[in-house]
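Throughout, a chain's letter reflects where its sequence line sits, starting with A, and its residues are numbered from 1.
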2 protein chains.
Amino acid sequence: MKKLGTRHENLDFKVYRELKSMIVDRKLKPGDKILQEKIAREFGVSRTPLMCALKKLEQEKLVQAVPRRGFYVRRFTKEEVLEAFELREILEGLAARRAAHIISPAQADRLRGFFRDADLSDSAQSIKRYAEEDRRFHQFLIELGGFDLLNDILENYNIITVSYRIDVMEGLVRHPRETLPEHEALIEAIASGKPEQAEKIARQHFNRSRQQLMKDMLQEKMAGTQRQPA
Amino acid sequence: MKKLGTRHENLDFKVYRELKSMIVDRKLKPGDKILQEKIAREFGVSRTPLMCALKKLEQEKLVQAVPRRGFYVRRFTKEEVLEAFELREILEGLAARRAAHIISPAQADRLRGFFRDADLSDSAQSIKRYAEEDRRFHQFLIELGGFDLLNDILENYNIITVSYRIDVMEGLVRHPRETLPEHEALIEAIASGKPEQAEKIARQHFNRSRQQLMKDMLQEKMAGTQRQPA
DNA sequence: GAATTGAATATTGTATGCAAAAAACACTAA
DNA sequence: TTAGTGTTTTTTGCATACAATATTCAATTC
């Protein structure tokens, strides 16, 4: 018995995806109110599926619902971003551990291909390419070691860490020269099937980025003008 | 400026809570189809807020939506339950670590009160009381060391582990005689402010339960008749 | 001019209506 | 019987309608 039947995709899901990418791409900015009528007209749907989509996004914390007022694009606090990093630290640590457990030789080969010809210069171009490779690498790691529940969580909460500071160094927290050795060590630990080591390295990797982020945030606070409305 | 204003609770949220407890309490059983018209009438609301509530539950994996067919109460696979345990292992490990970091003397006192007068006999009554204490303990641990994101995730996925096998030994996977020393060690590690140790113990605690569960499941498979419909 | 009030307007939360899809049923032919 | 087919009934997905609440803004008072 086949199961390929699910071709009908409900409108609310399409709206959900569209809205989500609008938020991640900053077409809707943090703090913006979401005018249901307007968006619904823009998308050519009624408010019913839009409402559903908004509720979904609320659950993912991308928007905030204020009863009888409406939905607003959420503005993440520094604390939340750091907390999201803390979660990634252990969740991707888990993924790394599992990946090392179950990796196949073919997958190990593919894994070893990541960052092979990384360019560590400071040009915007090379930073950008490294950032892309970084995302692909973490994606592959999750595919390797993840499972449904874990993937769901990571998908939801990576967005918080990604959508913050997207404008600085392509979203990278640390310079490739610093992270490349860590990536290489992680790759080797997973590819050679060392779960404990893989988890440890993955966690260290995120931990260091988190520490760096904390420092950056502190500096920002000292230096700059802080907009932080209610 | 105060902020106590949020008194309006939308209908969909009430429906959501009600449905959720119906599922957890087995008033709606795994596999049951959710007849929207019927439930809506039962709750005295229209299908609109019910729909929203169902979508929320879908995101939490308590129900499954099949487009153009409807919603069904989800039946968890063994794999999923084990995966949920694996998640709890690291997530509550994190909570334990953080708790040990930030615990106050007053909280440490309260923590040490858990399981103080535990009764390790085999009577149904005492097992039941231990299971309740267990839940309260883990809840307190999450309150201590958790944060918003973590709480959300744990709330969702604990349900998977709790709603499975609720009928055997009050949902406990291992006997109190086995888990009590672990609980005591964990309490002491947190109360005396030892983050690394606390995390390690918490993880071991869950890991052992997970191993036990795997064994149990394997035995069930060997022995019993397996209902596992599509 | 600043603060306060209150009507006019806009927006939300929910119920209802309706077309399209799925399920249930009844009837016919092997 | 059983398999197949057309028809009725049910149910879903979505649009729309409407009352209740929020917001806006002009008029009024201090």
Does the pair A:Arg210/A:Glu92 count as a salt bridge with the N-to-O cut at 4.0 Å?
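A salt bridge is absent here (no side-chain N lies under 4.0 Å from a carboxylate O).
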Regarding B:Asp152 and A:Lys61, does a basic nitrogen lie under 4.0 Å from an acidic carboxylate oxygen?
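Looking at B:Asp152 and A:Lys61, the cut-off is met.
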Quick one: [X] [atom1] to [N] [atom2], roughly how many Å, whole number?
| X | N | atom1 | atom2 | value |
| --- | --- | --- | --- | --- |
| B:Phe13 | C:dT14 | CZ | C1' | 18 Å |
| A:Ile39 | C:dT12 | CD1 | P | 11 Å |
| B:Met51 | D:dA15 | CE | P | 12 Å |
| A:Asp12 | D:dA15 | CG | P | 10 Å |
| B:Phe71 | C:dA22 | CZ | P | 16 Å |
| A:Lys38 | C:dT12 | NZ | C1' | 17 Å |
| B:Arg47 | C:dG17 | CZ | C1' | 10 Å |
| B:Asn10 | D:dA20 | CG | C1' | 13 Å |

Name the orientation class of the two ring planes belonging to B:Phe115 and B:His183 (parallel below 30°, tilted from 30 to 60°, perpendicular beyond 60°).
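Geometry flag for B:His183 against B:Phe115: parallel rings.
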Should B:Gln212 and B:Asp216 be marked as a side chain to side chain donor-acceptor pair (under 3.5 Å) after you check the CA-CA gap, both sets of side-chain angles, and the distance that decides it?
CA-CA 6 Å; B:Gln212 182 62 49; B:Asp216 292 355; 2.9 Å; yes
Residue closer to the 5' end of DNA chain D, A:Tyr72 versus A:Ser46 (nearest nucleotide):
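The residue closer to the strand's 5' end, by nearest nucleotide, is A:Ser46.
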May I ask you to check if B:Arg110 and B:Phe140 form a cation-pi contact, with NZ or CZ under 6.0 angstrom from the six-membered ring centre and within 45° of the axis?
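Yes, cation above the ring, under 6.0 Å and within 45°.
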Any side-chain N or O of B:Thr48 below 4.0 angstrom from OP1/OP2 of C:dT14?
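For B:Thr48, the contact criterion (side-chain N or O under 4.0 Å from OP1 or OP2 of C:dT14) is not met.
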Measure across B:His205 and B:Arg174 and return the closest heavy-atom pair with its distance rounded to 0.1 Å.
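The answer is O-NH2, 3.0 Å.
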Please tabulate, for side-chain N and O atoms in residues 41-49 of chain B, each donor-acceptor pair with protein atoms closer than 3.5 Å (sequence neighbours left out).
unit_1  : atom_1 : unit_2  : atom_2 : d
B:Ser46 : OG     : B:Thr48 : N      : 3.2
B:Arg47 : NE     : B:Gln36 : OE1    : 3.3

So which protein nitrogen or oxygen atoms get under 3.5 Å of nucleotides 9-11 of chain D's nitrogens or oxygens?
none

B:Leu11 side chain, from C-beta outward: closest of D:dG13, D:dT16, C:dA15:
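Comparing D:dG13, D:dT16, C:dA15 against the side chain of B:Leu11, the answer is C:dA15.
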